[in-house]
**Student:** 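Let me begin by handing over the structure; questions about it come next.
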Amino acid sequence: QVQVVESGGGLVQAGGSLRLSCAASGRAFSTYAMGWFRQAPGKEREFVAAITWVDSSTYYVDAVKGRFTISRDNAENTVYLQMNNLKPEDTAVYYCAAGWRRSAIRDAARYAYWGRGTQVTVSS
């Protein structure tokens, strides 16, 4: 059984920062990449960022480029999302995803394991 657990969400004012963490564990767990997605009320879940395990290639949605940074600790199967200069439109539940099946790294359907999500609220 693979477990994916997020932490680090909260309430912050616009312009502030938060750091999300995600740890994956379980017998024989392996992944080629891990990613972050978010879902705002009334909207579909959208890709935010991803990082590959082999060469640390990173991918971002245009809306967060230059503000968010994804990083990882392979030894701990942990991925982080540093979020700076947060905006009210970043308000959402942020989900961590693991077990990427390769190709279409921005596609949620390509990930096998998901956390329960952590709420990020940015006030104006």
**Student:** Considering all heavy atoms of both residues, which atom of E6 and which atom of R116 are nearest to each other, and what is their separation?
**Tutor:** OE1-N, 3.2 Å
**Student:** Measure the shortest side-chain to side-chain distance between E89 and V122 over non-hydrogen atoms and say whether it is less than 4.5 angstrom.
**Tutor:**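 Side-chain contact under 4.5 Å: no.
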**Student:** If you measure from OG on S56 to CZ on R72, what distance do you get to the nearest 0.5 Å?
**Tutor:** 3.0 Å
**Student:** Would you give the length of the straight line joining atom CE of M34 to atom OH of Y111, rounded to the nearest 0.5 angstrom?
**Tutor:** 9.5 Å
**Student:** Which atom pair, heavy atoms only, marks the closest approach of Y80 to S21?
**Tutor:**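 So the two residues come closest at CD2-OG, 3.3 Å.
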**Student:** Let me confirm one number: the CE-CZ distance from M83 to R19, rounded to the nearest 0.5 Å.
**Tutor:** 11.5 Å
**Student:** Which pair of non-hydrogen atoms, one from A92 and one from A40, has the smallest distance, and what is that distance?
**Tutor:**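 In terms of heavy atoms, the two residues are closest at CB-N, 3.8 Å.
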**Student:** Could you grab the distance from atom OG of S124 to atom CD of Q13, nearest 0.5 Å is fine?
**Tutor:**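 S124 atom OG to Q13 atom CD measures 9.5 Å (nearest 0.5 Å).
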**Student:** Just verifying a value: how many Å separate L81 CG and Y94 OH, rounded to the nearest 0.5 Å?
**Tutor:**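 One gets 7.5 Å once the value is rounded to the nearest 0.5 Å.
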**Student:** Kindly write out the residues that satisfy ring pair (Phe, Tyr, Trp, His ring centres under 6.0 Å) with F47, not counting sequence neighbours, or none if the list is empty.
**Tutor:** F37
**Student:** Where do E46 and R38 come nearest, in terms of heavy atoms and distance?
**Tutor:**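 Taking E46 first and R38 second, the nearest heavy atoms are OE2-NE, 2.6 Å.
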**Student:** In this structure, would V2 and W114 fall into the same cluster of hydrophobic residues linked by side-chain contacts under 4.5 Å?
**Tutor:** no
**Student:** Determine all donor-acceptor pairs shorter than 3.5 Å in which one atom belongs to a side chain in residues 96-105; sequence neighbours excluded.
**Tutor:**
| from | atom 1 | to | atom 2 | distance (Å) |
| --- | --- | --- | --- | --- |
| W100 | NE1 | S103 | O | 3.2 |
| R101 | NH1 | A109 | O | 3.0 |

**Student:** Do other residues, nucleotides or ligands put more than 12 heavy atoms under 6.0 Å from Q3 CD?
**Tutor:**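 Atom CD in Q3 is not packed in, count stays at 12 or less.
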**Student:** Report yes or no: do Y32 and W36 belong to one cluster of Ile/Leu/Val/Met/Phe/Trp/Tyr joined by side chain heavy-atom distances under 4.5 Å?
**Tutor:**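 They do share one cluster, since a chain of ILVMFWY contacts under 4.5 Å joins Y32 to W36.
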**Student:** Are Y95 and V4 side-chain neighbours, meaning at least one heavy-atom pair lies under 4.5 Å?
**Tutor:**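 A side-chain contact is absent here, since even the closest heavy-atom pair is not under 4.5 Å.
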**Student:** Could you tell me the separation between the OG1 atom of T91 and the CD atom of Q119, rounded to the nearest 0.5 Å?
**Tutor:**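 Atom-to-atom, T91:OG1 and Q119:CD are 7.5 Å apart.
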**Student:** Which pairs of donor and acceptor atoms, one on a side chain in residues 58-71, lie under 3.5 Å apart (sequence neighbours left out)?
**Tutor:**
| from | atom 1 | to | atom 2 | distance (Å) |
| --- | --- | --- | --- | --- |
| Y60 | OH | I70 | N | 2.9 |
| D62 | OD1 | K65 | NZ | 3.0 |
| R67 | NH1 | N85 | O | 2.9 |
| R67 | NH1 | D90 | OD2 | 2.7 |
| R67 | NH2 | A63 | O | 2.9 |
| R67 | NH2 | D90 | OD1 | 3.1 |
| R67 | NH2 | D90 | OD2 | 3.4 |

**Student:** Considering non-hydrogen atoms only, spot the tightest contact between N84 and S17 and give its length.
**Tutor:** OD1-OG, 2.9 Å
**Student:** Which atom pair, heavy atoms only, marks the closest approach of W53 to T78?
**Tutor:**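 Scanning both residues completely, I find the closest heavy atoms to be CH2-O, 4.2 Å.
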